[in-house]
Protein chains: 2
Amino acid sequence: MDPIKTVIPPACCTLNISGVQQKRLINMFKALGNPIRFEIIKFLVTHPGCICGDIVEHLPIAQATVSQHLKVLKDTGWISGIIEGTATCYRLDEKNIAWFRSLIGEIF
Amino acid sequence: MDPIKTVIPPACCTLNISGVQQKRLINMFKALGNPIRFEIIKFLVTHPGCICGDIVEHLPIAQATVSQHLKVLKDTGWISGIIEGTATCYRLDEKNIAWFRSLIGEIF
DNA sequence: TCCGTTAATCGTATATTTACGATAAACAAT
DNA sequence: ATTGTTTATCGTAAATATACGATTAACGGA
């Protein structure tokens, strides 16, 4: 007797990912799933190397809060910051974003 | 006298998006930025049309919680559900995911 | 050395998210 | 009609995220 075969129609995406990579991706999603952080990333596209104060001026929230969001974005790989005297210059983490882009292309 | 020109090096992505589209995208990111919901989406890739109970069996959380996550995924456009008798069959919202994919391709 | 500038961190209040059990609603089968 | 099955929703507890003012730390310039 033939075994029962269930045909699974091909899905619109594979989401073929797991483990550490999946965790990393989820954290990147989560970080960008916040309007303020999304705006910060947008701002960095046009203002690479800007300092925390520039971002504070551009947003309606306090410096401490901006700093906190910058930390989240740094920890999840969206941005990097280099200390320059008393300021910190922030820019997109292009390498990690490239990883994100190619991974999305693979699994979606 | 010449105006000062600041050259902005081309960024690794444009993030050229705003308004309602941006809000929609952010909400999709936020929804997928949760490990449980990510697993649900992965499960639906291989089990299209499955019912809530199938997902409950597959995950270590209560039925009420799964239902709540399904609602979030539905509200953000990741999945759709059609009522079939007393059950509800869930599947990926392929149209919306296609929108997501192409948008990501544009702005990243 | 003593200020002024900048950003990170601390402590904390509030809001949101996540989880659960209990219950309700909707339907199928007997 | 009654019973069983399935899922959504309600109420609520606990955890996490978000925001702020105050403080600290690190550096540059007078």
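The chains referred to below are lettered A, B, ... by the order of the sequence lines, with proteins before strands, and numbering in each begins at 1. This one's a predicted model, so the numbers in the text were calculated from it and none came from an experiment.
For D:dT7, neither phosphate oxygen OP1 nor OP2 lies less than 4.0 angstrom from any side-chain nitrogen or oxygen of B:S67. Residue B:K30 places at least one side-chain N or O closer than 4.0 Å to OP1 or OP2 of C:dT17. Close to D:dA8, at under 4.0 Å from its OP1 or OP2, lies a side-chain N or O of B:Y90. Residue B:H69 places at least one side-chain N or O under 4.0 Å from the OP1 or OP2 atom of C:dA19. Checking the phosphate oxygens (OP1, OP2) of C:dT18, a side-chain nitrogen or oxygen of B:N34 falls inside 4.0 Å. Residue A:K71 has no polar side-chain atom (N or O) positioned under 4.0 Å from OP1 or OP2 of C:dA7. The phosphate of D:dC20 (OP1 or OP2) has a side-chain N or O of A:T65 nearer than 4.0 angstrom.
Residue B:Q63 places its side chain closer to D:dT7 than to any other of D:dA26, D:dT7, D:dC20. With C:dA8, C:dG21, D:dA22 as the choices, the nucleotide that has an atom nearest any side-chain atom of A:A64 turns out to be D:dA22. Side-chain proximity of B:T88 to C:dG21, C:dA8, D:dA8: nearest is D:dA8.
B:I61 places its CD1 atom 14 Å from the C1' atom of C:dG21, with the value rounded to the nearest Å. The CD1-P distance, from A:I55 to D:dA19, rounds to 14 Å in whole Å. In this structure, A:L70 places its CG atom 14 Å from C1' of C:dT9, rounding to the nearest Å. Rounded to a whole Å, the CD1 atom of A:I83 is 8 Å from the P atom of C:dA8. Across the protein-nucleic acid pair, B:E39 atom CD and C:dT18 atom C1' stand 17 Å apart, rounded to whole Å. The CG atom of A:L59 sits 15 Å away from the C1' atom of D:dC20 (whole-angstrom rounding). Computed from coordinates, the A:Q68 CD to D:dA22 P distance equals 17 Å when rounded to whole Å. Counting to the nearest Å, the P atom of D:dA26 and the CD atom of A:E84 are 18 Å from each other.
Using a 4.5 Å cut-off between side-chain heavy atoms of Ile, Leu, Val, Met, Phe, Trp and Tyr, with links allowed through other members, B:F38 and A:F108 fall into the same hydrophobic cluster. Under a hydrophobic clustering in which Ile, Leu, Val, Met, Phe, Trp and Tyr are joined whenever their side-chain heavy atoms come within less than 4.5 Å, directly or via other members, B:I51 and B:I61 fall into different clusters. Hydrophobic clustering, with ILVMFWY side chains joined whenever heavy atoms are under 4.5 angstrom apart, groups B:I36 together with B:F43.
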Working for side chain to side chain contact (heavy atoms under 4.5 Å, CB included), residues B:W78 and B:Y90: CA-CA 10 Å; B:W78 282 107; B:Y90 287 99; over 6 Å; no

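As judged by a 4.0 angstrom heavy-atom cut-off over every strand, B:K74 is placed among residues making no nucleic acid contact. Counting any heavy atom pair closer than 4.0 Å across all strands shown, B:I51 reaches sugar-phosphate atoms only and no base atom.
Residue B:I40 forms a side chain to side chain contact (heavy atoms under 4.5 Å, CB included) with just one option from B:I79, B:V72, B:L59, and that option is B:L59.
DNA chain D is contacted by both B:D54 and A:I36; B:D54 maps to the nucleotide lying nearer its 5′ end (nearest heavy atom per residue).
Checked by distance alone, B:T86 brings no side-chain donor or acceptor within 3.5 Å of a matching partner on the base of D:dT7.
Closest heavy-atom contact between B:A31 and B:R37: O-NE, 2.7 Å.
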